[in-house]
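All chains are named by letter (A, B, ...) in the order of the sequence lines, taking the proteins before the strands, and each is independently numbered beginning at 1. Just so it is clear, the values below take in all heavy atoms, side chains as well, and ignore hydrogens, waters and symmetry mates.
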Number of protein chains: 2
Amino acid sequence: MSGSGVRGTVTMHDVAAAAGVSVKTVSNVVNDYPHIRPATREKVQKAIDELGYRMNLSARSLRQGRTGIIGLALPELSLPYFAELADSVIRAAEARGVVVLIEQTGADRQHELDVLTSDRRQLTDGLIFSPLELGPDDADALKVDYPLVVLGERIFGGDWDHVTMNNVDAARAATQHLIDQGRRRIAVIGAHAGETMGSAALRVLGYQAALAANGIPLDPALIVEGGLWHRATGADCVARLVESGVEFDAIFGLNDALALGALHALHARGIDVPDPVAVIGFDDIEDAAYTSPTLSSISPGREQIAQEAVDLLLARIAGGGDPYRRVIADFTVVPRESTGV
Amino acid sequence: MSGSGVRGTVTMHDVAAAAGVSVKTVSNVVNDYPHIRPATREKVQKAIDELGYRMNLSARSLRQGRTGIIGLALPELSLPYFAELADSVIRAAEARGVVVLIEQTGADRQHELDVLTSDRRQLTDGLIFSPLELGPDDADALKVDYPLVVLGERIFGGDWDHVTMNNVDAARAATQHLIDQGRRRIAVIGAHAGETMGSAALRVLGYQAALAANGIPLDPALIVEGGLWHRATGADCVARLVESGVEFDAIFGLNDALALGALHALHARGIDVPDPVAVIGFDDIEDAAYTSPTLSSISPGREQIAQEAVDLLLARIAGGGDPYRRVIADFTVVPRESTGV
DNA sequence: TTGTATGCGTTATCAC
DNA sequence: GTGATAACGCATACAA
């Protein structure tokens, strides 16, 4: 009866006793230590099976100083892009034998700072961090003493690994796509006024570059501010755009949630898509393929980002003092009905 | 220099030495033990701050037999309903001082079974489990020796806590809502043929009950099978429905993803919503408020489900041998444009 | 109110 | 190739 059904009761000692070996030998077996006599291994395995032994991971963590858990800090899972990113990160982690602890920062600056120094960092071997509010001034806060991989381009050049995409080029490509469809009065929604390094600023830069490359004058009235990149913000941006009376024949949503909100607001006002107004988003979330009309977007290579991030983090955890790396994921333009393709 | 900046190097012993007390006293302070002399507490706190002491959670876990982590097993985060559920669970957990480890089962039966016996269960104090494939025959697999809260109504009457909603009544209300708008030929998409206990079966039951209560004959041709409740499945169901040539003036998507797929497929065929075809979904995901037209749905009290689940699990972890509970969350009908309201 | 000593289950360092 | 034993850092009887 001993231990059967009672959680965590069977220890290596029990297995060792049952198999007539020492605990070290049991440890060797469960850890696939190379030099074990087959007969010994078999004997131990038999005892393990019969007793239903499960390793106590807390004990192992204490001893090794590692938990086998990695942290993933992101704004919120109810934003489809981050839900899909989390999905990919969890899959990548599972394939590599680690599990993922998710923390939501709610796009709150203080919360983003807290997550870096939280007690929970004790529980994880490293952190994949996708900040939304921290900026260049917070670089010091990111100088932490555990393995860290930062997603996005908000903060450059620190002592940590970085996985991002080329926001400028991708936004330029999105804008160029609209221009290629004959659009000249292209509004961009979700801009962040004071920002210089965030995704918003970089994507607006790409937008401006595309206009310039095509000799299209930049009209500041077409750049619409919008804080949180939620659907509601996108709808609100379009409302303000329409009320302002400025003419436009296309909208570039700085992410898909904004673009979805835009589609909704345009529909509510009886403005058809793609004519007279074309719409493109950014992120290529699953929704984009199912809206009416379907939403053109930029696919940021989410799977690649997730895998690179996990690989970099695990390499860092494994202890390489390698130079910090900066991985730039590929993107592609995904044309759909909302841009008339 | 000792330990500063080097992770995990400062222990209770160091703090005790610095403060001139014993480790037990340090332990008392960090655990808010009531009877400590203020002067002592202050002295210890000062040493903690100066040394930058952080408790080693692995050591605590080993000692206490608890990790402070709860597991959440769900099909996949890229399904919006589950992403939003995870969001709510993480918030509820955080408010109660525990963190959440998410595992995706991919709606795969074997994977759902594996998650119940995985090594990872060693890492969590309990599990909130949302199965999609397990059925009544798998009840034995759910007889586990750790705290478990099951979401949904797939498996009844075991020795575990249960949080669900009244699927039958909710589906009846959804159907009744369509009937109230004058619909008589109501198709339902996403049905599961052999199933008797799952959400699909229960919701179809509610659908049938509503028809019967209104004297509307049941036409089997209006019940469309659809395995995975993804958007693509919803689109496919509608395609088959249209091709079958059967007349219909409304569609009840057994979840919102199916309904979104249906909206997409109807739009692609030039069939307007809500006239001639009204559509209602189930789950009330955020998307529903932003589709064109907006999607009527059933709100399942997701926040309530998450909080109840976490509370039940923590109570069970805390050790109550209380009788197993079954919590039924409230639902509401949310009428939007897709049903002509 | 605080200190001492022991053990949680594992891995690692040595011997043998 | 395998065994004895000492940590890992904390919580808790038990003692004082």
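In terms of the side-chain hydrogen bond (donor to acceptor under 3.5 Å, both in side chains) criterion, A:Q304 has no residue partners (sequence neighbours excluded). With sequence neighbours left out, A:S78 forms a side chain to side chain contact (heavy atoms under 4.5 Å, CB included) with A:E76, B:E84, B:D87, B:E286. Remark: B:R96 pairs with B:D311 by the salt bridge (Lys or Arg N to Asp or Glu O under 4.0 Å) rule, at least two apart or across chains. Here A:A83 pairs with B:A83 under the side chain to side chain contact (heavy atoms under 4.5 Å, CB included) rule; sequence neighbours left out. B:D49 meets the side-chain hydrogen bond (donor to acceptor under 3.5 Å, both in side chains) test with B:Q45; sequence neighbours excluded. Checked against side-chain hydrogen bond (donor to acceptor under 3.5 Å, both in side chains), A:S118 has no partners two or more places apart in sequence or in another chain. Residues satisfying the salt bridge (Lys or Arg N to Asp or Glu O under 4.0 Å) criterion with A:D119, sequence neighbours excluded, are B:R54.
Across the protein-nucleic acid pair, A:L62 atom CG and D:dA6 atom C1' stand 13 Å apart, rounded to whole Å. Rounded to whole Å, the distance from CG on B:N31 to P on D:dG9 is 17 Å. In this structure, B:L123 places its CG atom 16 Å from P of C:dG9, rounding to the nearest Å. Separating the CZ atom of B:R54 from the P atom of D:dC8 is a distance of 21 Å, rounded to the nearest angstrom. B:H13 has its NE2 atom 12 Å from the P atom of D:dA7, to the nearest Å. A straight line from CZ of A:R66 to P of C:dA12 spans 10 Å, rounded to a whole angstrom. If you measure from atom CG of A:D14 to atom P of C:dG9, you get 9 Å, rounded to the nearest angstrom. The CD-P distance, from B:Q122 to C:dC8, rounds to 15 Å in whole Å.
Rounded to 10°, the helix from C:dT1-D:dA16 to C:dC16-D:dG1 has 30° between the axis fitted to its first five pairs and the one fitted to its last five.
The B:Y53 side chain lies nearest to D:dC10 when the options are C:dT10, D:dA11, D:dC10.
No hydrogens or angles were tested; on distance alone, nothing pairs the side chain of A:R63 with the base of C:dA12 as donor and acceptor under 3.5 Å. Judged by distance alone with a 3.5 Å cut-off, no donor-acceptor contact links the side chain of A:R60 to the base of C:dT10.
For the pairing with A:R316, the side-chain hydrogen bond (donor to acceptor under 3.5 Å, both in side chains) check across A:D322, A:D161, A:D125 returns one residue only, A:D161.
Of the side-chain N and O atoms in B:S27, none sit less than 4.0 angstrom from OP1 or OP2 of D:dC10.
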For nucleotides 2-4 of chain C, give me every protein contact, N/O to N/O, under 3.5 Å, one pair per line with atom names.
{"unit_1": "C:dT2", "atom_1": "OP1", "unit_2": "B:T40", "atom_2": "OG1", "d": "2.2"}
{"unit_1": "C:dT2", "atom_1": "OP2", "unit_2": "B:R37", "atom_2": "N", "d": "3.2"}
{"unit_1": "C:dG3", "atom_1": "OP2", "unit_2": "B:S22", "atom_2": "N", "d": "2.9"}
{"unit_1": "C:dG3", "atom_1": "OP2", "unit_2": "B:S22", "atom_2": "OG", "d": "2.9"}
{"unit_1": "C:dG3", "atom_1": "OP2", "unit_2": "B:T25", "atom_2": "OG1", "d": "2.2"}

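The environment of B:R325 atom CZ is sparse: at most 12 non-hydrogen atoms of other residues, nucleotides or ligands sit within 6.0 angstrom.
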